Amino acid sequence: MNRKQRRAGGKPGDPGLRGGAAGAQAVFADALRHHQLGRLSEAEGLYRRVLALDSRHADSLHLLGVIAAQAGRYPQAVDLFRKAITINAKAAPYHCNLGNALHRGGKLDEAVACYREAIAINPDYVEAHSYLGVVLQKQGKLGDAVAQYTQVLRINPGNAQARSNLGNALQEQGKLDDAIAQYAEALRINPGFHPAHYNLGMALQTQGRLDEAIASYRRAIAIKPDYPQAYTSLGTALQRQGRLDDAVACYHKAVAIAPDHDRALYYLGSALQAQGKPDEAIARYGEFLRFNPDSPEALSQLVHLRRHICDWREFQEDENRMARIAREHPAKVTPSLLLIHSSTEADQQACARAYFGERMAGIAPMVPIQPAPRHGRIRIGYLSGDFHRHAITFLTTELFERHDRSRFEIFGYSYGPDDGSEARQRLIAAFDHFVDMREVGNAEAAARIRDDGIDILVDLKGPTGADRAEILAFRPAPVQVNHLGYPGTMGTDFMDYILADPLVVPMESQSFYSERIVHLPECYQPNDSKRVIGDPVPSRAACGLPEQGLVFCCFNNSFKITPDLFDIWMRLLRATPGSVLWLLEANVLVQSNLRREAGVRGITPERLVFAPRQPLAEHLARHRQADLFLDTLPYNAHTTASDALWTGLPVLTCAGGTFAGRVAGSLLTAIGLPELITTSLADYEALALRLAHEPALLAALKDKLARNRSAAPLFDTERFTRHMETAYGRMWETWCAGKPPTAFAVEPAPS
């Protein structure tokens, strides 16, 4: 029996024992001795002997309740505690332990009433204050929980557990610095208190201070090696650093310690998914769902994974599942997952609003340093986790290089990995100032941006991958802009504008966007006119293609392919003898699944050719062995379409109903090929078939694309930059005038 139980149980001779027969007291003393030694069965029998001698022996009833609670028999414990209270209603421990049993049984309101009764009897009853704080915290009454933990520390300032509990409540309130201070004090009192090391790690990780968080988790594990929660959180921190092998090892360790530790199974699935092991990831998510069959997070990830590997055996059911999850649990669905499914602009806004609303709860905007309207340069900050070999870097680097330094001072804020690539080095050189914020907490990062005097902060990430939108939620800049990284609304009030164009987001869609729409005149997407196309162009044989026959191509990510589109593609192959479909090699499962699907549709599986991943220049070069790029829907090719057009490969698209489904059309309009935009899958199929069977028409389109490549706006980065700067200038003027953000369109620059 532990110290708390001894306090709760009292001693022979306490008021609760008076009035019992001398024989009952002697038996009770023997029972209490066995209980203290952990001999619960013997103690239980002796307590019952006491009650046979004295049916109103309150302490025996109470301690029988303690034993029942220790055995998990909470309804029996509740009954025994209540009987003890009817005999002695002034024994505070009886009320406290009744509260504990009710708490364990899920009856939180009743538990709260019991703890309050115990405190009314004994205002300095530390355990009752502590337990009351725990239940109030569980109920979401964080301010009341903080008050209870503060009371404990008033009574006993050296209580490390209360310090840690107070830190937990403060952390839930978003007061991370205050929480960290409480954990540090708890560890000063008791350096070996492993929960405080663990909770400190959680707070540091939330702030983005990953190295410090990892050190705290390791200290917790050193004290308590069988600590599955610490291994799991250590894994999540390592995963955020891109150390996937180490993260997977931590998750495996957590599951080995506690096979039912479902949180470890979930994150193990996510890490395996990031490692490109979809079959193993699917298995882990499946194990997680055995414990949590209705988990919206795991179900949405499982549906997404099946899309990644083109497992369409439950395609319509998966579409229905995602729609139901987004409708019933929108805060649990990462908004980017919804884009690949049949969803509307209204669906996407509702999901983003709920997701960020829950995620950013407790983050208070910083009191901004109010910059006076300057006659000097406007300071633009670009924020991203993708400043490495990534599509964002490939598209934006020349934009950063071409900014007018007489009007603008350009800052880059990076929280993603440094891959040491030439692409990253060129990008860093393109900024006036480049700040690596990987090991800087979110609040500290926001403070740095604010202190740098950034006027307009442009987010190039959105809810994709390991984003840190919390930095934006702190509101470090007067004007904040959503651009390029995420084709949709972020659904928040901390983003002022979204940069778009008339095709991807018409002004009529404003009600579905929380940001004010700003139209760039020709295309919202920047491009890099300096991208190198490998030379020489590899032969057909080197690409695994037949020497003769039309090559249909789609290098989009596998999750964008749908059965309806695949039906069309297979019909095109059937109607075009000798043709092949050239796809990106995503993983082995994609190849086997799509080849199986081709066979089901009567197409020889060998007519599907898969291109392995290659460095960008070589990848661009092999486009020249393709004849027609077939786009996807509801999620178009984005950077992939720009790649194709840059190499001279025509792109055939079908415009959808949301931003993500209209991007290829925007690019085609900006390159002067609107005739390749269709508005129905029937028209898409008909035009593809016509182009496949009319070589002269396809050749004419290629010639037009070649002419337009250097003349049309799409790859005129200098022109695009002027449009961006005009937009920034107007945003800044609006803010300096004290006006709220308003939608507007930028007039095209003179040719």
Side-chain angles (χ1 to χ4, degrees), residues 273 278 300-301 303-312 315-316 318-323 325-326 333-349 351-352 355 386 390-392 395 461-465 467 482-490 498 500-501 503-505 509 512-513 523-525 553-569 583-584 586 590 594 629-645 651-668 676-681 684:
Q273 182 177 349
S300 61
Q301 290 295 341
V303 167
H304 190 58
L305 262 177
R306 285 202 282 258
R307 290 292 289 270
H308 264 281
I309 64 172
C310 298
D311 179 356
W312 299 332
F315 183 85
Q316 192 53 55
D318 280 345
E319 285 287 288
N320 295 340
R321 285 187 189 101
M322 187 60 80
I325 293 168
V333 178
T334 304
S336 57
L337 296 186
L338 200 60
L339 303 187
I340 68 171
H341 296 275
S342 298
S343 58
T344 65
E345 290 176 309
D347 296 333
Q348 293 171 13
Q349 183 188 45
C351 180
Y355 173 80
D386 296 326
H390 187 278
I392 292 297
L395 292 174
K461 185 72 172 170
T464 62
D467 74 86
N482 173 7
H483 184 222
L484 191 63
Y486 178 65
T489 182
M490 289 177 67
I498 182 168
D501 62 51
L503 202 154
V504 292
V505 185
S509 293
F512 304 117
Y513 285 77
C523 184
Y524 85 102
Q525 187 193 87
C553 167
C554 182
F555 287 150
N556 283 357
N557 283 314
S558 55
F559 63 79
K560 296 184 181 182
I561 304 172
T562 66
D564 287 347
L565 275 170
F566 199 71
D567 287 342
I568 292 171
W569 295 350
L583 303 168
L584 191 65
V590 166
L594 288 183
F629 189 106
L630 299 173
D631 196 16
T632 50
L633 194 73
Y635 202 130
N636 284 176
H638 292 191
T639 307
T640 316
S642 290
D643 289 345
L645 295 170
V651 174
L652 173 64
T653 193
C654 182
T658 66
F659 190 151
R662 300 176 183 138
V663 170
S666 171
L667 302 177
L668 286 164
L676 286 173
I677 305 169
T678 63
T679 55
S680 72
L681 289 179
Y684 169 92

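Source: prediction; values computed, not measured. Just the heavy atoms: all of them, side chains too, but no hydrogens, waters or symmetry mates, feed the values below.
Looking at S336, its side chain does come within 3.5 Å of a backbone N or O of P463 through a donor-acceptor pair.
With ring centers used as reference points, Y635 lies under 6.0 Å from H638. Under the 6.0 Å cut-off for aromatic ring centres, Y524 and F659 qualify, their centroids lying closer than that.
Here the closest heavy-atom approach between residue S666 and residue D501 is recorded as OG-OD2, 2.6 Å. Between L338 and C351, the closest heavy-atom pair is CD2-CB, 3.8 Å. Between C654 and L681, the closest heavy-atom pair is SG-N, 3.9 Å. For L565 against L633, the heavy-atom pair with the smallest separation is CD1-N, 3.2 Å. Listed here is the closest heavy atom pair of I325 and S300: CD1-N, 3.9 Å. Residues A644 and V651 come closest through the heavy atom pair CB-CG2, 3.7 Å.
Atom OG1 of T489 is separated from atom CD of Q348 by 9.5 Å, given to the nearest 0.5 angstrom. Within the model, atoms OG1 of T464 and OH of Y486 stand 9.5 Å from one another, a figure rounded to the nearest 0.5 Å. One finds the CD atom of E319 at 9.0 Å from the OG atom of S343 (value rounded to the nearest 0.5 Å). Interatomic distance, CG of D347 versus OG1 of T658, reported as 10.0 Å (0.5 Å rounding). Separating the CG atom in N636 from the CG atom in D631 is a distance of 4.0 Å, to the nearest 0.5 Å. To the nearest 0.5 Å, atoms CZ (F566) and CG (L594) are separated by 5.0 Å.
C523 has its side chain within reach of L667: a pair of non-hydrogen atoms, C-beta onward, lies under 4.5 Å apart. In this structure, T562 and T632 have side chains that are not in contact, with every pair of non-hydrogen atoms separated by 4.5 Å or more. Using a 4.5 Å heavy-atom threshold, the side chains of H304 and T334 count as separate. Proximity of S642 to Q525: side-chain heavy atoms (C-beta onward) are separated by under 4.5 Å at one or more points. Between L652 and F629 there is no side-chain heavy-atom pair separated by less than 4.5 Å. Counting heavy atoms from C-beta on, the side chains of V333 and Y355 never come closer than 4.5 Å. Side-chain contact between Y684 and T653: absent, with no pair of heavy atoms (C-beta onward) separated by less than 4.5 Å. Looking only at side-chain heavy atoms (C-beta outward), P487 and L339 come within less than 4.5 Å of each other.
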> Could you walk me through whether K461 and L484 pass the side chain to side chain contact (heavy atoms under 4.5 Å, CB included) check?
Replying inline: CA-CA 7 Å; K461 185 72 172 170; L484 191 63; over 6 Å; no
> Given T640 and D643, is the side chain to side chain donor-acceptor pair (under 3.5 Å) satisfied, shown in steps?
Replying inline: CA-CA 5 Å; T640 316; D643 289 345; 5.3 Å; no
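For the pair R307 and D318, the salt-bridge criterion is not met [side-chain N within less than 4.0 Å of a carboxylate O]. The pair R662-E345 meets the salt-bridge criterion, with a side-chain N (NZ, NE, NH1 or NH2) lying under 4.0 Å from an Asp/Glu carboxylate O.
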